[in-house]
Q: 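Got a structure for you, questions after.
Labels below follow one simple rule: chain letters A, B, ... track the order of the sequence lines, proteins then strands, and each chain is numbered from 1.
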Amino acid sequence: MPELPEVEVIRRGLEPHLAGRRIVEVRFGGHRLRKPVRIKALRQWLCNARIETVERRAKYLLITMDNRACLVIHLGMTGRLGLFPFADHLLRHDHLGWKLDNGLEMRFNETRRFGAVEIFPPDDPALPLFLASLGPEPFAPEFSAAHLARLASGSRRPVKNLLLDGRVVAGIGNIYASEILFDAAIRPERPAGEITAPEWRRVVEATRLILQRAIAAGGTTIRDFVDSSGRPGYFKLQLAVYGRGGQPCPRCDRAIEKIVQAGRATYFCPGCQG
DNA sequence: CTAACTCCCTGATAGC
DNA sequence: TGCTATCAGGGAGTTA
């Protein structure tokens, strides 16, 4: 579900409520997520520590404590994070809760359990190692046409699959990959190695434009996504091609096509994306 | 090495 | 209505 814009919307919603607060208790429902939850370590490093920053890297939320421990949360496909009065009853698929010193509790709800919750102890060298393994942020200067051209050089891989590779660029998922290539007017099956420099420049511009607009609209809700206050995002109204197979292209009226690439749906306009 | 395939899990929806 | 098959926005591990 959540790609970069959705995680950023969640981050912005949580930050003012979390920064400066102390975690007083960590509740755990017992189900494993993508990996087993290390509840003992979570309690050890989070209980009685104060939250200093709430950041995002790729599709991960990074919550850093005053003891320099770092809580890392990934929302998977159906993950939700929100704040609730501690006394409110728990919902189905609420897996973890972090009770704060103001009576509210941040809760992680994840239907499909593809998400992850990890704790990095203070100064754990595994954290910078993990962060370094991720591709550049789309809004960082390192994400450039030259960067893309270098990683794509000699590759026969379809350009859409390249954009989905988190080592190439962070945070682009299946919805925005289709939207970005539509905006850049590039056919998704094109071999990445054959994309020209001007086309890569369009990809960089389109990536930033689409993600920026999506954040401003509160993210894209197809089915599950809600922000930290439980509200859906409205970027679905601005999607040009994703989920619109057979419907007319908003730019040229030709029927939008749906294909499958590496096991995932891709949408594009055969007219605009020559 | 690259890149596609498979699987983790639940729930919504389509089709019979 | 009720069953089964298919699909879903992520990512890691496996396979070719």
Side-chain angles (χ1 to χ4, degrees), chain A residues 1-10 29-37 56-61 72-81 91-96 108-118 126 129-131 133-135 150-182 188-194 207 210-211 214-215 217-227 232-246 258-267:
Chain A
M1 168 209 305
E3 307 182 29
L4 184 152
E6 289 73 36
V7 180
E8 180 61 23
V9 166
I10 295 260
H31 280 286
R32 62 166 283 151
L33 301 172
R34 192 161 78 212
K35 292 183 289 187
V37 175
R56 180 195 56 74
R57 179 75 173 88
K59 298 168 188 165
Y60 294 90
L61 270 180
V72 176
I73 300 175
H74 192 286
L75 299 172
M77 299 254 276
T78 52
R80 300 178 173 198
L81 276 175
L91 300 175
R92 186 165 166 75
H93 307 303
D94 274 345
H95 298 299
L96 281 133
F108 182 54
N109 185 285
E110 229 292 57
T111 303
R112 289 173 74 179
R113 309 216 305 267
F114 285 2
V117 173
E118 191 53 82
L129 224 55
F130 161 67
L131 296 176
S133 74
L134 304 171
R150 187 166 52 79
L151 291 184
S153 170
S155 173
R156 300 284 312 158
R157 183 182 200 188
V159 59
K160 190 255 189 171
N161 298 4
L162 187 90
L163 291 182
L164 280 179
D165 187 336
R167 297 164 301 185
V168 174
V169 55
I172 297 177
N174 204 44
I175 293 179
Y176 297 113
S178 283
E179 293 298 310
I180 288 164
L181 289 173
F182 173 78
E189 317 101 295
R190 293 261 308 278
E194 294 174 11
T207 298
I210 296 290
L211 297 181
I215 292 169
T220 299
T221 298
I222 302 287
R223 179 178 299 152
D224 303 302
F225 174 72
V226 291
D227 68 14
Y234 296 99
F235 193 70
K236 184 174 192 281
L237 302 172
Q238 296 180 57
L239 294 177
V241 291
Y242 185 86
R244 306 190 59 224
K258 176 189 180 181
I259 59 174
V260 173
Q261 296 182 283
R264 301 200 188 275
T266 303
Y267 298 86

Q: Could you check which of C:dG9, B:dT10, C:dG11 has an atom nearest any side-chain atom of A:Arg112?
A: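 Of the options given, the side chain of A:Arg112 lies nearest B:dT10.
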
Q: Is any side-chain N or O of A:Thr111 closer than 4.0 Å to OP1 or OP2 of B:dC9?
A: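 Looking at the OP1 and OP2 atoms of B:dC9, neither is under 4.0 Å from any side-chain N or O of A:Thr111.
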
Q: Would you mind classifying the nucleic acid contact of A:Ala265 as base, sugar-phosphate or nothing, using non-hydrogen atoms under 4.0 angstrom?
A: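 Since only primed, P, OP1 and OP2 atoms lie under 4.0 Å of A:Ala265, the category is sugar-phosphate.
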
Q: Once rounded to the nearest 0.5 Å, what's the spacing between atom CG of A:Leu211 and atom CD of A:Glu179?
A: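 Atom-to-atom, A:Leu211:CG and A:Glu179:CD are 11.0 Å apart.
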
Q: How close or far is atom C1' of C:dG11 from atom NE2 of A:His74, stated in whole angstroms?
A: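 The answer, rounded to whole Å, is 7 Å.
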
Q: Describe the nucleic acid contact of A:Tyr176 in one word from base, sugar-phosphate, nothing, applying a heavy-atom distance below 4.0 Å.
A: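 It contacts nothing in the nucleic acid.
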
Q: Taking only N and O in the side chain of A:Arg223, is any of them less than 4.0 Å away from OP1 or OP2 of B:dG11?
A: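 No, because none of the side-chain N or O atoms of A:Arg223 sits under 4.0 Å from OP1 or OP2 of B:dG11.
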
Q: Please give, in whole Å, the distance from C:dG10 P to A:Ile222 CD1?
A: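 Value for this atom pair: 11 Å.
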
Q: Let's see if you can work this out: which of C:dG9, B:dA4, B:dT10 has an atom nearest to the side-chain heavy atoms of A:Arg157?
A: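 Between C:dG9, B:dA4, B:dT10, the one nearest the side chain of A:Arg157 would be B:dA4.
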
Q: Counting any heavy atom closer than 4.0 Å, what does A:Lys160 reach on the DNA or RNA strands: base, sugar-phosphate only, or nothing?
A: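 Answer is nothing: A:Lys160 stays at 4.0 Å or more from every strand.
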
Q: For DNA chain C, report each stem as range with range, ordered by first number, or say none. Use Watson-Crick or G-U wobble pairs under 3.5 Å, at least 3 in a row.
A: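 As far as DNA chain C goes, consecutive pairing (with distances under 3.5 Å) yields the stems B:2-8 with C:10-16, B:10-16 with C:2-8.
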
Q: Quick one: closest heavy-atom pair of A:Arg57 and A:Ala170, and the distance?
A: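 Where A:Arg57 meets A:Ala170 most closely, the heavy atoms are NH1-CB, 3.7 Å.
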
Q: Which nucleotide, C:dG10, B:dA4, B:dG11, lies nearest any side-chain atom of A:Pro158?
A: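 Per side-chain heavy atoms of A:Pro158, the pick is B:dA4.
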
Q: Could you tell me the separation between the CG atom of A:Leu151 and the P atom of B:dA3, rounded to a whole number of Å?
A: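 Rounding to the nearest Å, CG of A:Leu151 and P of B:dA3 are 11 Å apart.
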
Q: Check every strand shown and say whether A:Lys59 touches a base, only sugar-phosphate, or nothing at a heavy-atom separation below 4.0 Å.
A: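 Touches sugar-phosphate only.
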
Q: Quote, to the nearest angstrom, the C1' distance that separates C:dG11 from B:dA12.
A: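 Result for the C1' pair: 23 Å, nearest Å.
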
Q: So if I take every side-chain heavy atom of A:Tyr60 and compare against C:dA12, C:dA8, C:dG10, which nucleotide ends up nearest?
A: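 For the A:Tyr60 side chain, the nearest candidate turns out to be C:dA12.
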
Q: Kindly point out which of B:dG11, C:dG9, C:dG10 is positioned nearest to the side chain of A:Phe114?
A: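 Per side-chain heavy atoms of A:Phe114, the pick is C:dG10.
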
Q: Rounding to a whole Å, what distance do you find between A:Glu110:CD and C:dA8:P?
A: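 The distance from CD of A:Glu110 to P of C:dA8 comes to 18 Å, rounded to the nearest Å.
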
Q: Compare all side-chain heavy atoms of A:Leu239 with those of A:Ile222 and state whether any distance is below 4.5 angstrom.
A: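 Touching, per the 4.5 Å side-chain cut-off.
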
Q: Counting only side-chain N and O atoms of A:His93, is one of them less than 4.0 Å from OP1 or OP2 of B:dT10?
A: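 No.
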
Q: Do A:Arg190 and A:Lys160 have side chains that get closer than 4.5 Å, going by heavy atoms?
A: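 Contact flag for A:Arg190/A:Lys160 side chains = no.
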
Q: How many Å lie between CG on A:Leu134 and C1' on C:dG10, as a whole number?
A: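 Result: 13 Å.
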
Q: Could you give the distance separating B:dC9 and C:dC3 at their P atoms, to the nearest angstrom?
A: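 Each nucleotide's P atom is 24 Å from the other's.
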
Q: Please round to the nearest 0.5 Å and tell me the distance separating atom CG of A:Leu61 and atom NE2 of A:His74.
A: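 Between A:Leu61 CG and A:His74 NE2, I get 10.0 Å after rounding to 0.5 Å.
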
Q: Using the P atom in both, what is the distance from C:dT6 to B:dT6, to the nearest Å?
A: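 Looking at atom P only, C:dT6 and B:dT6 are 14 Å apart.
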
Q: So what does A:Asn161 hit on the nucleic acid, given a heavy-atom distance under 4.0 Å: a base, only sugar-phosphate, or nothing?
A: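 Sugar-phosphate contact only - A:Asn161 comes under 4.0 Å of backbone atoms but never of a base.
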
Q: Which atom pair, heavy atoms only, marks the closest approach of A:Asn174 to A:Glu3?
A: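 Closest approach of A:Asn174 to A:Glu3, heavy atoms only: N-OE2, 3.4 Å.
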
Q: Would you indicate what A:Arg264 reaches in the nucleic acid, counting non-hydrogen atoms under 4.0 angstrom: base, sugar-phosphate, or nothing?
A: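 Base, at least one base heavy atom under 4.0 Å.
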
Q: Does A:Lys35 place a side-chain N or O at less than 4.0 Å from the phosphate oxygens OP1/OP2 of C:dG13?
A: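 No, no such contact exists.
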
Q: Donor-acceptor pair, A:His95 side chain versus A:Glu110 backbone, under 3.5 Å?
A: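 Here the side-chain-to-backbone pair exists.
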
Q: Output the rounded distance in Å from CZ (A:Phe225) to P (C:dA8).
A: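 Rounded to whole Å, this separation is 20 Å.
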
Q: What class does the angle between the rings of A:Tyr60 and A:Phe130 fall in, given that below 30° is parallel, 30 to 60° is tilted and above 60° is perpendicular?
A: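 Perpendicular.
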
Q: How would you label the contact of A:Arg92 with the nucleic acid (heavy atoms, under 4.0 Å): base, sugar-phosphate, or nothing?
A: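 A:Arg92: backbone/sugar contact only, no base atoms under 4.0 Å.
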
Q: Between atom CZ in A:Arg80 and atom P in B:dT10, what is the gap in whole Å?
A: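 The distance from CZ of A:Arg80 to P of B:dT10 comes to 17 Å, rounded to the nearest Å.
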
Q: In whole angstroms, how far is the C1' atom of C:dG10 from the CD1 atom of A:Ile73?
A: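 Taking CD1 of A:Ile73 and C1' of C:dG10, I get 16 Å after rounding.
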
Q: So A:Tyr176 and A:Pro5, do their side chains get closer than 4.5 Å, heavy atoms only?
A: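 Touching, per the 4.5 Å side-chain cut-off.
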
